[in-house]
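Only a predicted model underlies this, so the values are computations on that prediction, with no experimental measurement involved.
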Amino acid sequence: MRNSKREKQKEIIDTALQLFLEKGYEKTSIKDITEKMNIATGLFHYYFNSKEDVLIKCAYLNSQMITEELQLETFFEGKGNAVEKINLLMSQVLHNVSEKNDIIKDSAKINQSLLLDRITYITLEIIITKLVEFIKEGNDEKIFDCPYPQQTAEILVYGFERMFRKQKEKDEGLKDCTLSEYFMQNQYKLADMFKKLLCMKQEYHFQFDK
């Protein structure tokens with residue numbers, strides 16, 4: 001029964017997403033979704049509270065797809081010191097965003113402020129969790145001297161994301177630029193931010209495009 005429920009939820013999400021891409025989020029109604037699936041409106045509301053609820057779930061699934069490898073305990077095993085793990089973390093996120101998440105590329109057809117923001121928020125939270133772990137490791141390895149790992153990780157990640165948003169508001173040329181593309185364009189600046197905020201004590205280098 002549980003699998004059946006998940007399958008029906010997935011079917012509704014897939015149908016809704018198809019319509020969001022074809023018609024746009026605003027122009028797609030719950031009735032459009034239920035008619036395309038040939039189900040009753042009540043069945044839709046059994047699984048989802050609203051159209052936005054479907055979009056949020058869609059964002060969650062896409063964020064999960066981007067970061068599923070990073071959440072495996074074994075993914076970073078034997079991958080070197082804290083700096084090397086941070087390099088792998090950031091490069092893997094960028095790879096997964098660009099290769100696996102086609103929905104981001106089409107987000108303007110759906111509703112960029114709703115969908116992309118949800119995906120970004122969930123993804124960044126997962127990055128922060130891993131980053132805190134590696135900063136603490138770096139402290140133990142005497143590579144960093146960072147007394148506030150959680151706050152530093154949040155400043156690094158959300159600070160850069162905020163910088164990206166502000167720059168997009170000022171520069172028309174960045175209108176269609178994604179966060180991952182902006183990250184790659186500014187990776188050396190970000191690497192310098194990492195080095196300074198983490199109070200690096202040894203000569204290691206951050207490189208996020210490996």
Answer yes or no: is there an ion pair linking Glu7 with Lys10, defined by an N-O contact shorter than 4.0 Å?
no
Kindly indicate whether the side chain of Met90, heavy atoms from C-beta on, has any atom under 4.5 Å from the side chain of Ile127.
yes
Going by an N to O cut-off under 4.0 Å, is there a salt bridge joining Glu169 and Lys166?
no
Nearest heavy-atom pair of Lys27 and Asp32: which atoms, and what distance?
O-OD2, 3.5 Å
Any residue meeting side-chain contact (heavy atoms from CB on, under 4.5 Å) with Asp171, in chain and number order, not counting sequence neighbours
Gln167, Leu174
Cluster overlap Tyr148 with Val132, hydrophobic side-chain contacts below 4.5 Å:
no
Non-hydrogen side-chain atoms of Leu43 and Thr34 separated by less than 4.5 Å:
no
Side chain to side chain, Met193 and Leu190, heavy atoms closer than 4.5 Å
yes
Kindly compute the distance separating CG (Asn139) from SG (Cys199), expressed to the nearest 0.5 Å.
9.0 Å
What pairs with Lys85 under salt bridge (Lys or Arg N to Asp or Glu O under 4.0 Å), at least two apart in sequence or on another chain?
Glu137
Using 0.5 Å steps for rounding, measure from the CG atom of Asp192 to the CG atom of Leu197.
9.5 Å
Least distance between heavy atoms, Ile39 atom then Phe44 atom:
CD1-N, 4.4 Å
Could you go through Phe206 and Tyr188, starting from their C-alpha distance and side-chain angles, then the distance that decides it, and tell me whether this counts as ring-ring contact (aromatic ring centres under 6.0 Å, His included)?
CA-CA 8 Å; Phe206 291 111; Tyr188 297 112; over 10 Å; no
Name all residues meeting the salt bridge (Lys or Arg N to Asp or Glu O under 4.0 Å) criterion together with Lys201; count only those two or more places apart in sequence or in a different chain, and write none if there are none.
none
d(Asn81 CG, Asn87 CG) to nearest 0.5 Å is 9.0 Å
So which atom in Lys79 and which in Leu88 form the shortest heavy-atom distance, rounded to 0.1 Å?
CG-CD2, 3.8 Å
Sub-4.5 Å side-chain heavy-atom contact between Ile56 and Glu52
yes
Taking atom CD1 of Ile30 and atom CD of Glu35, what is their separation to the nearest 0.5 Å?
12.5 Å
So is Lys57 actually on top of Phe48's ring, under 6.0 Å and inside 45° of the axis?
no
Run the salt-bridge test on Arg165 and Glu161 with the 4.0 Å N-O cut-off and return the result as yes or no.
yes
What are the two closest heavy atoms between Ile143 and Val83, and how far apart are they?
CG2-CG2, 3.9 Å
Gap separating the CD1 atom of Ile12 from the CG atom of Asp53, nearest 0.5 angstrom:
10.5 Å
Are any side-chain N or O atoms of Glu154 and backbone N or O atoms of Ile128, one a donor and one an acceptor, separated by less than 3.5 Å?
no
Nearest atoms (heavy-atom pairs only) where Phe76 meets Leu89
CE2-N, 3.9 Å
Closest approach of Leu131 and Leu156, non-hydrogen atoms and distance?
CD2-CD1, 4.4 Å
Note, Tyr158 side chain near Met163 side chain (heavy atom, < 4.5 Å)
no
Is any side-chain heavy atom of Leu55 less than 4.5 Å from a side-chain heavy atom of Phe20?
yes
Quick one: CG on Leu198 to CD1 on Ile135, what's the gap to the nearest 0.5 Å?
5.0 Å
For Lys51 and Tyr25, indicate whether the former's side chain and the latter's backbone hold a donor-acceptor pair under 3.5 Å.
yes
When you look at Phe160 and Tyr182, which way does the ring-ring contact (aromatic ring centres under 6.0 Å, His included) test go after all the steps?
CA-CA 10 Å; Phe160 184 79; Tyr182 185 76; 5.5 Å; yes
